[in-house]
Number of protein chains: 2
Amino acid sequence: MTARPLVSPRARARAEMIEQIKQAAREHLAAEGPNLSLRAVARDLGVVSSAMYRYFASRDDLLTALILDGYTSLADAVEEAEGEVPRANLANRWIALAWATRDWALEHRHEYALLYGSPVPGYVAPQDTIGPATRPVVLAMHILADGVERGVVEVPADRLGREVRADMENVRTFAGFEGLPPTLLARGMSAWAQMHGTIGFELFGRLTNAVSDYDSYFDYQLRMMTRFLGLS
Amino acid sequence: MTARPLVSPRARARAEMIEQIKQAAREHLAAEGPNLSLRAVARDLGVVSSAMYRYFASRDDLLTALILDGYTSLADAVEEAEGEVPRANLANRWIALAWATRDWALEHRHEYALLYGSPVPGYVAPQDTIGPATRPVVLAMHILADGVERGVVEVPADRLGREVRADMENVRTFAGFEGLPPTLLARGMSAWAQMHGTIGFELFGRLTNAVSDYDSYFDYQLRMMTRFLGLS
DNA sequence: CGTTTGTCAAGAGCATTGCTCTCGAAGTAG
DNA sequence: CTACTTCGAGAGCAATGCTCTTGACAAACG
């Protein structure tokens, strides 16, 4: 007698097919950009287009799956890179995080555009994307919180407006940072916007004719950033 | 006898038609997002779709025209706002520039996405867009150059890498800033990326659940920025 | 074992898109 | 008046996302 399989062959085949579709879709994304065509990936898989709808209710659903995978892929890469730096070296932890973000963005240009570029027209992010989506920025703020805890990061003595303070408190409790002062959090958000702004400029070709050595440029931007944050 | 019109009625009608098409396209852009449909604007104008091709060789050509108009519209708004601030008030000039940018972006969300968001798939920016496209950032750097000239902005004494220095020299000569030191230019680019990063975050919904009062948030970000630039 | 239930790929079909071509009407210039 | 150009209309082609039906096959159950 054979043991009942833990997952039926059917469910297994289905999971494999879903993975194949996503893989083909990713390749199409990298090749032709965000104009993802269900029929095209169906052709790649030697399958008729209507069969796709057994696995994804719509093209947007496929996109959602890709976006979700993208968020976790990016977050994994970022967390791994940051995790390899000694805890006490705050500046290098931030720099490692930023480089990992940029490296991932350059390797997955169109996926990055999907995550951080202009949103797709009719698409609305479902609730379960916000978890993976916030992992990198939560990690970044964790570095700052660590610095405060270790007493090596000086807390800016700015006077925040009431609304900004409320917003920062909101973010703080959301991410679970008790020891992170709002003024420093605001600085972190500033640096975060700068990092993604710089990466976006490079990726979307807004710096052509202006910058030739993007690595050095990014490196210098990061040096200014860590100084601005009081990490170095 | 009637005088020969300076521009023939035909050329005039043509120019008007082009303007009508662009206007309808802008409205469609604002309503349905970047998925601009030639046939839809043709329907709006009560005209058959093939007639569009008498005025724009392709859908991308229409987009190019909209992008070009967008750049000049944004640049006009920014230059006007900045021009109203007394020349000596460097910080307020920068702040006015930034607010004008954000205001324009909020009023023309999809056009801003066209200009600064992820690029449209097959689209390549023609050469004649780079002029209007750089007007705002040239203006921003001009404020910094002005500050150096007036001797009120301190020049950062950073040591730039050779590549970064070369890039900054490149940008400097391109924009015609002789008196702007590379280290300050690099700071300017940093602030520029931060500004567009922050605006993009707000516009593309990357700050929902984190920020509630975007005006105050942007205001505070600007205060940090002008301090970082040495303008206040 | 045999029947039922559910899942699957295939195909036809609908409305939409960008774009091309041809045709006749109408305006313009000599 | 005649020759030329420009225009809008319409048909048509190759795509797209998505729906529906049909027939085959596997899993589950009695």
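Here is the naming used below: chain letters follow the sequence lines, and residue numbers restart at 1 for every chain. Below, all heavy atoms of this structure are taken into account, side chains as well, without hydrogens, waters or symmetry copies.
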In this structure, how many angstroms lie between the C1' atom of C/dG18 and the CG atom of B/Leu63, rounded?
12 Å

Roughly, in whole Å, what's the span from CG in B/Asp61 to C1' in C/dG18?
13 Å

DNA chain D: 5'-proximal contact among A/Ala40 and A/Ala57 (nearest heavy atom)
A/Ala40

D/dT6 phosphate, OP1 or OP2: any side-chain N/O from B/Tyr55 under 4.0 angstrom?
no

Counting only side-chain nitrogens and oxygens, does B/Arg43 get under 4.0 Å of the OP1 or OP2 atom of C/dT17?
yes

What is the ring orientation for B/Trp192 with B/His196, classed by angle as parallel under 30°, tilted 30 to 60°, or perpendicular over 60°?
perpendicular

Could you tell me the separation between the CD1 atom of B/Ile21 and the P atom of C/dG18, rounded to a whole number of Å?
13 Å

How many whole angstroms separate atom CE of A/Met17 from atom P of C/dC8?
10 Å

Mark yes when over 12 heavy atoms from residues, nucleotides or ligands other than A/His28 sit less than 6.0 Å from its NE2; otherwise mark no.
yes

Describe the nucleic acid contact of A/Leu36 in one word from base, sugar-phosphate, nothing, applying a heavy-atom distance below 4.0 Å.
sugar-phosphate

For B/Phe218 and B/Trp99, take the angle between the two ring planes, folded into 0 to 90°, and tell me which bin it lands in: parallel under 30, tilted 30 to 60, perpendicular over 60.
perpendicular

Are any of B/Arg14's side-chain N or O atoms less than 4.0 Å away from OP1 or OP2 of D/dC7?
yes

Return the value, rounded to whole Å, for the distance between atom CD1 of A/Ile18 and atom C1' of C/dC8.
13 Å

Measure from the side chain of B/Arg59, starting at C-beta and using heavy atoms only, and say which of D/dG17, C/dC19, C/dA9 lies closest.
C/dC19

Rounding to a whole Å, what distance do you find between B/Arg39:CZ and D/dA15:P?
16 Å

Regarding A/Phe56, tell me which of base, sugar-phosphate or nothing describes its non-hydrogen contacts under 4.0 Å with the strands shown.
nothing

Separation of A/Asn35 atom CG from C/dG18 atom C1', in whole Å?
12 Å

Any residue in residues 44-54 of chain B with a heavy atom nearer than 4.0 angstrom to DNA chain C? Just list them by number, or reply none.
B/Ser49, B/Ser50, B/Tyr53

Over how many whole Å does the gap from A/Leu38 atom CG to D/dG17 atom P extend?
5 Å

Answer yes or no: is there an ion pair linking A/Asp215 with A/Arg102, defined by an N-O contact shorter than 4.0 Å?
yes

Under 4.0 Å: is that the gap between some side-chain N or O of A/Ser37 and OP1 or OP2 of D/dG17?
yes

If you count every heavy atom of other residues, nucleotides or ligands that lies below 6.0 Å from B/Glu169 atom CD, does the total exceed 12?
yes

Could you check whether B/Glu19 pairs with B/Arg26 (Lys NZ or Arg NE/NH1/NH2 to Asp/Glu carboxylate O, under 4.0 Å)?
yes

Is it true that, when you exclude B/Arg109 itself, more than 12 heavy atoms of the residues, nucleotides or ligands shown sit nearer than 6.0 Å to its CZ?
yes

